[in-house]
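Okay, structure first, notes after.
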Amino acid sequence: MDKPKVLFVCLGNICRSPTAEAVFRHRAGRAGLGVYIDSAGTGAWHAGELPDARAQSAGKARGYSFEGQTARAVIDDDFEDFDLILAMDQKNLKNLQMMAPNHLCSKIQLFLEFLNDRSVTEVPDPYYGGPDGFEHVLDLIEAASDGLIAEISENYG
Ligand code: 4NP
């Protein structure tokens, strides 16, 4: 099977989904997994911007690279181009489901469905909070990335 294309989606594409892109790229590479990875926002207010400085500093402190990332909004072609479209929270999930043609909606799911702990379903928006929020985002994204790697290794192997 072709290597899967994974799109991470949050609201602004400056905090959570760029972090997911950086973490998943690092961990998938380490696992020897061939994947194409990108991220986007359901909103376009931050299009063209670099990832949020707080997200970058928290992620870089754990060894992740944000090189080459600039924010963009989700576009219609994404629903054709990507195999897995992973929303950070319920609101983004709903917005994606409204944007996508019906026959492609099955590609869209919550990223935290790949977390072992099924009591947590959303990566909370850290934008208006303090540094702890960015650490919590990283913890959730690291754990869900490992679940996603296991799933892809099984299904695309
Ligand atoms: P993100 O965080 O969706 O994780 O990139 C946010 C970034 C910007 C805003 C909200 C959330 N904003 O309201 O501008």
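Source: prediction; values computed, not measured. Each ligand, and each atom within it, is numbered from 1 in the order the structure gives.
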Which of the atoms in ligand 1, numbered in the order shown and given with their element, are less than 4.0 Å from a heavy-atom of Leu11? 3 (O), 10 (C)
For atom 14 (O) of ligand 1, what is the closest protein heavy atom, and at what distance to 0.1 Å? His46 NE2, 2.8 Å
Measure from NZ or CZ of Arg27 to the centre of the six-membered ring of Tyr64 and say whether it is under 6.0 Å with the direction within 45° of the ring axis. no
Given 3.5 Å as the limit, does a donor-acceptor pair link the side chain of Gln109 with the main chain of Ile85, or not? no
Do ligand 1 and Ser17 have nitrogen or oxygen atoms that lie under 3.5 Å from each other? no
Test side-chain contact (heavy atoms from CB on, under 4.5 Å) applied to Ser39 and Asn13, Val6, Ile14, the passing residue: Asn13
Could you state the interatomic distance from CZ (Phe82) to CG (Asp77), rounded to the nearest 0.5 Å? 10.0 Å
Quick look: Asn13 vs ligand 1, heavy-atom contacts under 4.0 Å, and the answer is backbone
What atoms in ligand 1 come closer than 4.0 Å to a heavy atom of Ile14? 5 (O), 7 (C), 8 (C)
Quick one: which ligand 1 atoms are inside 4.0 Å of a heavy atom on Cys15? 1 (P), 2 (O), 4 (O), 5 (O)
Ranked by distance from atom 1 (P) of ligand 1, the top protein heavy atom is Cys10 SG, 3.5 Å
Regarding ligand 1, does Pro126 bring an N or O atom to under 3.5 Å of one of the ligand's N or O atoms? no
Give the residue, atom name and distance (to 0.1 Å) of the protein heavy atom nearest atom 2 (O) of ligand 1. Asp125 OD1, 3.4 Å
Please round to the nearest 0.5 Å and tell me the distance separating atom CD of Glu113 and atom CG of Leu93. 8.0 Å
Tell me, which protein residue and heavy-atom name are nearest atom 13 (O) of ligand 1, and how many Å apart are they? Tyr128 OH, 3.3 Å
In terms of side-chain heavy atoms, does Glu151 have a donor or acceptor partner in Asn155 at a distance below 3.5 Å? yes
At what distance, to the nearest 0.5 angstrom, does NZ of Lys91 lie from SG of Cys10? 12.0 Å
At a non-hydrogen distance cut-off of under 4.0 Å, which region of Trp45 contacts ligand 1 (side chain, backbone, both, or neither)? neither
